[in-house]
Structures are given as structure tokens and as C-alpha cells.
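The next block holds one structure in the form of C-alpha cells; read it before the comments.
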Amino acid sequence: MRVLALDIGEKRTGVAVSDPTGRVASPVCVLPSAEVLAHAASFRRVLEDWEPEVLLAGRPMTLAGEDGPQAERIKSQAESIAARCGLPLEFADERLSSAEAKRILREQGLSERAMRGKVDMVAASLFLQSWLDARQI
């Protein structure tokens, strides 16, 4: 089961995908959020290339485990995207995924500027991998 994960932000959306067996997550790309929400050609191309069976959206939560201030907006946007794609939608806790992504990219020697286009897709792959791991039990 291939899963496509979206880290939906106000400006950018990170995209990650699982392998066909649903065991390993990989970062794919970062797209402008407006293009993903509008189901633009760039996002449709990602869907055609990867042929996901499930859409996974990051759910912003507080450290206490409650929905964060952006959660309602993200939930609504993710539901709209899933409906346009005709895919079932799941949510994954994305707490600290961006901070962890930045740490990983920093360890690879990237500057803050060089990281800018990569953090969102790495964050998406991190919460996708956690979600996949939790389902392998």
C-alpha cells in the first residue's frame, strides 16, 4: 500500500511517499501550498507518478497532545485535497517533525538558506515513517 504524505503549510507543502509495501518513507518534493490546494498540474503529476492508495496529512498538535492552533485549517484543507484526489485520508501527529528535519539537514551541512526548500518534505517523510512503523506492529 503506497501512502502519500503531505506536510501542509501556509506557503509550502512537503510531499513524501512510502514504498509499495508501506514500510519505508522517502521525501519527494516541496510544492507551493496553493498548487496542492488547487489540484494544479504539478500536484497531479506527483499523484500520477506515485499512484498512492492513501493520503496522510500531518496534524499539528501541541506538546500536550492536543490539536494546535493550525489544526482546524489543516484538517479542512486535507479533507478538500483528499476529496479532489478520491483517496482515503488519514492523519499523523507531526509534532516536532520540522525541528527534527532541520536537525538532520543541519547535520548534513546545509545552511538555513539551503534547508528552506527541503525541511517540509523531510518532515513529511519523518511523520510518514512513524505512521508506517506504528502500523507494522
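In this chain, residues are counted from 1 in sequence order. Side chains included, hydrogens not; waters and symmetry mates left out as well; all remaining heavy atoms used.
One hydrophobic cluster holds both L126 and V119 under the rule that ILVMFWY side chains link at heavy-atom gaps under 4.5 Å. A continuous path of hydrophobic side-chain contacts links F127 to W131 [ILVMFWY only; heavy atoms under 4.5 Å]. Cluster annotation: V28 and L128 are assigned to distinct hydrophobic clusters (Ile/Leu/Val/Met/Phe/Trp/Tyr, side-chain heavy-atom contacts under 4.5 Å, transitive).
The CG atom of L55 lies 13.0 Å from the CZ atom of R84; values are rounded to the nearest 0.5 Å. In this structure, OG on S80 lies 12.5 Å from NZ on K75, to the nearest 0.5 angstrom. We find the OG-CD distance between S76 and E79 to be 6.5 Å, quoted to the nearest 0.5 Å. Taking CZ of R135 as the start and CZ of R23 as the end, the distance is 12.5 Å to the nearest 0.5 Å. Interatomic distance, S125 OG to K118 NZ, rounded to the nearest 0.5 Å: 13.5 Å. For the atom pair S26 OG and M121 CE, the distance stands at 10.5 Å (nearest 0.5 Å).
Sorted by first and then second residue, the salt bridge (Lys or Arg N to Asp or Glu O under 4.0 Å) pairs with a member in residues 38-57 form an empty list; sequence neighbours excluded. Listed by first and then second residue, the ring pair (Phe, Tyr, Trp, His ring centres under 6.0 Å) pairs involving residues 92-118 amount to none (not counting sequence neighbours). Among residues at least two apart or in separate chains, ring pair (Phe, Tyr, Trp, His ring centres under 6.0 Å) pairs with a member in residues 27-85 are H39-F43.
Not counting sequence neighbours, the partners of L37 by the side chain to side chain contact (heavy atoms under 4.5 Å, CB included) test are Q77, I81. Annotation: salt bridge (Lys or Arg N to Asp or Glu O under 4.0 Å) contacts of D19 (sequence neighbours excluded): none. In this structure D7 satisfies the salt bridge (Lys or Arg N to Asp or Glu O under 4.0 Å) test with no other residue, sequence neighbours excluded. For A34, the side chain to side chain contact (heavy atoms under 4.5 Å, CB included) test picks out no residue, with sequence neighbours left out. Q70 is linked by a side chain to side chain contact (heavy atoms under 4.5 Å, CB included) to E10, P60, R73, I74, counting only residues two or more places apart in sequence or in another chain. In terms of the salt bridge (Lys or Arg N to Asp or Glu O under 4.0 Å) criterion, E35 has no residue partners (sequence neighbours excluded). By the salt bridge (Lys or Arg N to Asp or Glu O under 4.0 Å) test, K102 pairs with no residue at all, sequence neighbours left out. Every residue meeting the side chain to side chain contact (heavy atoms under 4.5 Å, CB included) condition with A78, not counting sequence neighbours, appears here in chain and number order: I8, A57, L89, F91.
The shortest non-hydrogen separation linking G14 to A124 is O-CB, 3.8 Å. Between V54 and M1 the shortest heavy-atom distance is CG2-SD, 3.6 Å. T62 approaches D67 most closely through the heavy-atom pair CG2-O, 4.0 Å. Contact between L31 and C29 at its shortest, heavy atoms only, is CG-SG, 4.0 Å.
Between the side chain of Q108 and the main chain of R103, no donor-acceptor pair closer than 3.5 Å is present. No side-chain donor-acceptor contact under 3.5 Å links R12 to the backbone of V30. Not one N or O on the side chain of E90 forms a donor-acceptor pair closer than 3.5 Å with the backbone of L56.
The side-chain contact (heavy atoms from CB on, under 4.5 Å) with P52 is formed by just one residue from the set V17, L87, V46; it is L87.
With no hydrogens or angles considered, a side-chain donor-acceptor pair links T13 and S33 at under 3.5 Å.
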Determine, stepwise, if the pair R59 / E94 fulfils side chain to side chain contact (heavy atoms under 4.5 Å, CB included). CA-CA 6 Å; R59 186 176 194 140; E94 69 167 29; 5.6 Å; no
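In the hydrophobic clustering (ILVMFWY side chains linked at under 4.5 Å, chained through shared members), M61 stands by itself.
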